[in-house]
Amino acid sequence: PKESISQSFDIKQENNIYKLNINVINQDIILNILDGKSLMREYEIKISLNELKQIHKIFFALSSCQEFIDYIKALIDNKKIFIKKENEKQMTIELMVEYLYKQNIIKIDLFQKAINFELIFLDLYKKFSTLTYIV
């Protein structure tokens with residue numbers, strides 16, 4: 001079935017807030033992370049539902065991309081998802097899941113997109129617009 005879904009989540013971790021965007025177009029899932037501390041750098045991966053099932057057996061139970069989004073939301077609510085910056089060009093989403101009564105860490109690597117100057121401009125605009133002028 002054809003699906004088109006977009007959802008965003010804030011992941012608060014230590015002194016940083018990451019924005020996880022999940023976009024689904026048909027059976028393709030695009031995971032996108034915005035790193036607020038690094039001048040709004042973006043990291044992304046495009047993966048199909050079938051490719052996701054190859055990452056770990058826990059995903060075999062998913063029959064739709066919406067179920068994947070619901071699963072990610074539950075992991076975020078239970079603080080079982082972590083973002084790790086591997087280097088300037090790569091971030092990893094780590095999912096802490098229980099499979100067959102054992103704790104497993106599922107890693108999904110995202111790679112840096114080209115710098116989006118429009119995002120940087122909008123971020124700076126928001127910051128400057130909140131400043132008050134003292135005369």
Side-chain angles (χ1 to χ4, degrees):
K2 292 193 175 196
E3 296 179 89
S4 183
I5 307 164
S6 289
Q7 203 149 5
S8 292
F9 304 97
D10 286 335
I11 299 174
K12 295 177 178 115
Q13 191 173 298
E14 297 169 9
N15 295 329
N16 204 354
I17 298 175
Y18 298 99
K19 180 159 292 283
L20 173 62
N21 299 307
I22 303 175
N23 296 307
V24 175
I25 301 167
N26 298 328
Q27 292 295 306
D28 288 328
I29 301 166
I30 300 168
L31 299 173
N32 178 285
I33 293 176
L34 294 174
D35 180 4
K37 277 196 165 181
S38 297
L39 285 177
M40 299 302 281
R41 286 201 178 152
E42 284 185 86
Y43 299 83
E44 187 172 277
I45 187 170
K46 182 177 181 179
I47 190 167
S48 71
L49 189 57
N50 287 331
E51 290 170 329
L52 190 64
K53 290 178 181 184
Q54 300 302 314
I55 291 175
H56 195 278
K57 292 178 183 178
I58 201 163
F59 297 126
F60 282 176
L62 302 177
S63 61
S64 72
C65 295
Q66 181 61 55
E67 287 180 359
F68 173 72
I69 293 172
D70 294 341
Y71 186 65
I72 293 295
K73 183 179 183 323
L75 290 174
I76 291 169
D77 291 344
N78 292 311
K79 299 188 181 349
K80 298 280 185 180
I81 189 167
F82 303 96
I83 308 294
K84 301 248 171 133
K85 188 168 190 172
E86 303 296 332
N87 56 51
E88 289 299 313
K89 299 196 181 293
Q90 180 181 344
M91 282 195 147
T92 300
I93 299 174
E94 291 187 353
L95 312 174
M96 299 291 292
V97 301
E98 188 172 307
Y99 181 72
L100 298 177
Y101 305 107
K102 294 180 185 171
Q103 286 294 324
N104 288 262
I105 298 174
I106 300 171
K107 295 183 178 186
I108 302 173
D109 294 326
L110 288 80
F111 299 94
Q112 185 178 9
K113 286 180 64 175
I115 294 175
N116 187 334
F117 289 104
E118 185 176 343
L119 269 180
I120 294 170
F121 173 76
L122 288 172
D123 184 53
L124 289 172
Y125 176 77
K126 285 179 191 175
K127 288 177 181 171
F128 283 124
S129 66
T130 60
L131 296 175
T132 56
Y133 294 100
I134 301 173
V135 180

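Positions are given from 1, in the same order as the sequence printed here. Hydrogens, waters and symmetry mates are skipped; everything else that's a heavy atom, side chains included, is used.
- Here the side chain of Gln13 pairs a donor or acceptor atom with the backbone of Ile83 at under 3.5 angstrom.
- Lys107 and Ile55 make their closest contact through O-CG2, 4.3 Å (heavy atoms, listed as atom of the first residue, atom of the second, distance).
- A donor-acceptor contact under 3.5 angstrom links the side chains of Asp109 and Thr92, judged on distance only.
- The two residues Asn26 and Val24 have their closest heavy-atom pair at O-CG1, 3.4 Å.
- Here the straight-line distance linking atom NZ of Lys113 with atom CD of Glu44 works out to 4.0 Å at 0.5 Å rounding.
- In Tyr125, the OH atom is not crowded: 12 or fewer heavy atoms of neighbouring residues, nucleotides or ligands sit closer than 6.0 Å.
- Closest heavy-atom contact between Ser48 and Asp28: CB-OD1, 3.8 Å.
- Note that CD1 of Ile93 is 6.5 Å distant from CD1 of Ile11, once rounded to the nearest 0.5 Å.
- With sequence neighbours excluded, the residues that form a side chain to side chain contact (heavy atoms under 4.5 Å, CB included) with Asn87 are Lys89, Gln90.
- Tyr99 and Leu52 fall within a single hydrophobic cluster, where Ile, Leu, Val, Met, Phe, Trp and Tyr are joined by side-chain heavy atoms under 4.5 Å apart, directly or via other members.
- Between Tyr43 and Met91 the shortest heavy-atom distance is CD1-SD, 3.6 Å.
- Here the CG atom belonging to Asn32 is positioned 8.5 Å from the CD1 atom belonging to Ile30, to the nearest 0.5 angstrom.
- Identified under the salt bridge (charged side-chain N to carboxylate O under 4.0 Å, His left out) test for residues 4-23, with sequence neighbours left out: Asp10-Lys19.
- Across all non-hydrogen atoms, the minimal contact from Ile29 to Cys65 is CG1-SG, 3.7 Å.
- Evaluation of the side chain to side chain contact (heavy atoms under 4.5 Å, CB included) rule for Ser6 yields Asn23 as partners, not counting sequence neighbours.
- Rounded to the nearest 0.5 angstrom, Leu34 CG and Glu42 CD are separated by 5.0 Å.
- Scanning for side chain to side chain contact (heavy atoms under 4.5 Å, CB included) contacts around Tyr101 gives Glu98, with sequence neighbours left out.
- Judged by distance alone, the side chain of Glu51 and the main-chain N or O of Ile47 form no donor-acceptor pair under 3.5 Å.
- The ring-ring contact (aromatic ring centres under 6.0 Å, His included) search around Tyr71 returns none, not counting sequence neighbours.
- Between Met96 and Phe82, the shortest heavy-atom distance links the atoms CG-CE1, 3.5 Å.
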Using a 3.5 Å cut-off and no angle test, enumerate the donor-acceptor pairs between side-chain atoms of residues 72-79 and protein atoms at least two apart in sequence or in another chain.
from  : atom 1 : to    : atom 2 : distance (Å)
Lys73 : NZ     : Asp77 : OD2    : 3.2
Asn78 : ND2    : Ala74 : O      : 2.9

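- Defined by atom type and a distance below 3.5 Å, a donor-acceptor pair is missing between the side-chain atoms of Asn50 and Gln54.
- No continuous path of ILVMFWY side-chain contacts below 4.5 Å connects Ile105 to Leu95, so the two sit in separate hydrophobic clusters.
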